[in-house]
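Take a look at the structure below.
FYI, side chains are in, hydrogens and waters are out, and symmetry mates aren't considered; it's all heavy atoms of this structure.
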Amino acid sequence: MGSLSPPSLELQSPKISEKSLLELFKSQQNHLNYFFQHLSLPQTLQFTQTLHQCRGTIFFTGVGKSGFVANKISQTLISLGIKSGFLNPVDALHGDIGILSDCDVLVLFSKSGNTEELLKVVPCARAKGAFLVSVTSVEGNALSNVCDMNVHLPVERELCPFDLAPVTSTAIQMVFGDTVAIAMMGARNLTKEQYAANHPAGRIGKSLIFKVRDVMKKKEELPVSGEGELIMDQLVELTSKGCGCLLVIDEAHRLIGTFTDGDLRRTLKASGEAIFSLTVGQMCNRNPRTIGPDAMAVEAMQKMESPPSPVQFLPVINNQNVLIGIVTLHGLVSAGL
């Protein structure tokens, strides 16, 4: 069979230049500055206090791009431990409105304030007793006239050359909503520990929640050896536990020192055949870095990486110097730290 030659690829000159891109970013910056300079702080404060004082759930709704923003802001509040949710306006008219109560606040995001789907939701939400807040960008819109409160988000124009694609207005909605969320976070005196508790699977949460005892190896996983054991008799123990070391202990399980695979190579190079008669206790490091089980896991990582030279593990001991575990750099990384 004959083979077809590949189509020729002609290099085209780029249609987007660095200069034009920079001009767009500067224009967007100017549009955002317009918003900051013209936003009503009294309106924003009243809105923030209304959400902060809500006895029920703060629901957000919107259509299209504004709907995505509304959902995102709701997720921000949830991550801060604030009861919130997103109410799809179409689904609301088909049963989901039942989630609203007279203790709730419903925030409706719409640039024009004339979104038909939201206007249909208003009387249904009002019948449930919810407090309604419209967040709009066009003066004198229909939504602001039928809600209990309106917040005006001033938009100079969209970055889109046709002033149509909602790229500036949605950025403003996002900045507004998330800034209000952080204001509520401050008002609730949320601590780092409380924030971390809401993010247990993320690196932020793990670094603030996980302790050494949560990530350490223990019991049968520990590569232990008595100080009188011959080095060559302990090679299996040294290599089989995946720690790259031996933890040298006395009869009471107190830590004496550590012997690493690096120590083995150095001892073999320096001693030659004499290594067959050397004990682990003779060649171990009797002043290793250690850590307690209640220390934060991130502290263990910092201790491993500290001068004069990094190490790959830390023996875990209690107040009586009794060995209870080992934490390894590989284990910390595997845990997402």
Side-chain angles (χ1 to χ4, degrees), residues 35 39-155 166 169-185 187-188 190 198:
F35 161 73
L39 177 67
S40 169
L41 284 180
Q43 258 191 9
T44 303
L45 178 60
Q46 185 184 15
F47 173 74
T48 306
Q49 290 174 336
T50 298
L51 300 194
H52 180 58
Q53 294 165 5
C54 176
R55 295 178 292 112
T57 302
I58 304 167
F59 287 98
F60 293 82
T61 188
V63 175
K65 310 298 187 299
S66 293
F68 289 121
V69 173
N71 194 5
K72 193 277 175 187
I73 295 169
S74 173
Q75 293 300 314
T76 298
L77 291 182
I78 291 171
S79 76
L80 301 178
I82 299 170
K83 290 172 63 178
S84 184
F86 176 74
L87 185 64
N88 184 293
V90 175
D91 293 337
L93 298 176
H94 293 273
D96 285 6
I97 199 74
I99 199 170
L100 289 179
S101 74
D102 57 6
C103 295
D104 300 332
V105 173
L106 177 61
V107 182
L108 303 94
F109 273 89
S110 171
K111 177 188 175 182
S112 69
N114 296 311
T115 308
E116 183 178 349
E117 294 89 340
L118 297 184
L119 289 170
K120 289 180 179 179
V121 167
V122 168
C124 306
R126 188 174 297 285
K128 301 292 292 185
F131 188 86
L132 308 181
V133 184
S134 59
V135 181
T136 60
S137 294
V138 175
E139 297 282 6
N141 61 79
L143 203 56
S144 64
N145 292 330
V146 294
C147 288
D148 300 301
M149 179 190 300
N150 179 68
V151 180
H152 177 70
L153 303 185
V155 177
S169 56
T170 50
I172 286 170
Q173 289 174 341
M174 189 79 77
V175 168
F176 172 80
D178 279 345
T179 303
V180 168
I182 297 305
M184 294 173 65
M185 176 184 180
R188 289 169 177 249
L190 190 73
N198 297 333

Working note: K72 + D178, criterion side-chain contact (heavy atoms from CB on, under 4.5 Å); need CA distance, chi angles, decisive distance, verdict.
CA-CA 9 Å; K72 193 277 175 187; D178 279 345; 2.5 Å; yes
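- Evaluation of the side chain to side chain donor-acceptor pair (under 3.5 Å) rule for T50 yields no partner, not counting sequence neighbours.
- When all heavy atoms of L106 and A125 are compared, the pair lying nearest together is CD2-CB, 3.7 Å.
- Inter-residue side-chain proximity for F86 and F59 is flagged as unmet; no heavy-atom pair is nearer than 4.5 Å.
- With sequence neighbours excluded, the residues satisfying side chain to side chain donor-acceptor pair (under 3.5 Å) with R126 are D148.
- The shortest distance between side-chain heavy atoms of L108 and V135 does not fall below 4.5 Å.
- Counting only heavy atoms from C-beta outward, the side chains of I97 and L87 approach each other to under 4.5 Å.
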Run L45 and Q49 through side-chain contact (heavy atoms from CB on, under 4.5 Å) and show every step you take.
CA-CA 6 Å; L45 178 60; Q49 290 174 336; 3.7 Å; yes
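- For P89 against V121, the heavy-atom pair with the smallest separation is O-CG2, 3.5 Å.
- The NE2 atom of H94 lies 9.5 Å from the CG atom of N88; values are rounded to the nearest 0.5 Å.
- Under the 3.5 Å distance criterion, the side-chain polar atoms of N141 are left unmatched by any main-chain donor or acceptor of S137.
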Checking S134 against N150 for the side-chain contact (heavy atoms from CB on, under 4.5 Å) test, could you report, in this order, the C-alpha distance in whole Å, the side-chain angles of both residues, the deciding distance, and whether it holds?
CA-CA 5 Å; S134 59; N150 179 68; 2.6 Å; yes
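- S74 contributes no side-chain N or O that, together with a main-chain N or O of A70, makes up a donor-acceptor pair within less than 3.5 Å.
- Of all heavy-atom pairs between N114 and A142, the closest is OD1-N, 3.0 Å.
- The line from CE of M174 to NZ of K65 is 12.5 Å long, rounded to the nearest 0.5 Å.
- Minimum heavy-atom separation, R55 to C103: NH1-SG, 3.4 Å.
- A heavy-atom distance below 4.5 Å is found between the side chains of R188 and I82.
- Within the structure, the side chain to side chain donor-acceptor pair (under 3.5 Å) test picks out the following pairs touching residues 96-111 (sequence neighbours left out): S101-D104, S110-T115, K111-E158.
- Shortest non-hydrogen contact noted between K83 and G56 is CB-O, 4.1 Å.
- Considering only heavy atoms from C-beta on, V107 comes within 4.5 Å of F47 through its side chain.
- In this structure, the side chain of S66 does not engage the main chain of G62 through any donor-acceptor pair within 3.5 Å.
- The two residues G140 and N145 have their closest heavy-atom pair at O-ND2, 4.3 Å.
- Counting heavy atoms from C-beta outward, L77 and F60 have side chains that approach closer than 4.5 Å.
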For L39 and L153, what are the C-alpha separation, side-chain angles and deciding distance, and is it a side-chain contact (heavy atoms from CB on, under 4.5 Å)?
CA-CA 6 Å; L39 177 67; L153 303 185; 4.1 Å; yes
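- Looking at V180 and L51, their side chains come closer than 4.5 Å, going by heavy atoms from C-beta outward.
- No side-chain heavy atom of V63 sits under 4.5 Å from any side-chain heavy atom of F109.
- Formation of a donor-acceptor pair under 3.5 Å by the Q43 side chain with backbone atoms of H152 is found in this model.
- Atoms OG and CG, from S144 and L132 in turn, are 12.5 Å apart once rounded to the nearest 0.5 Å.
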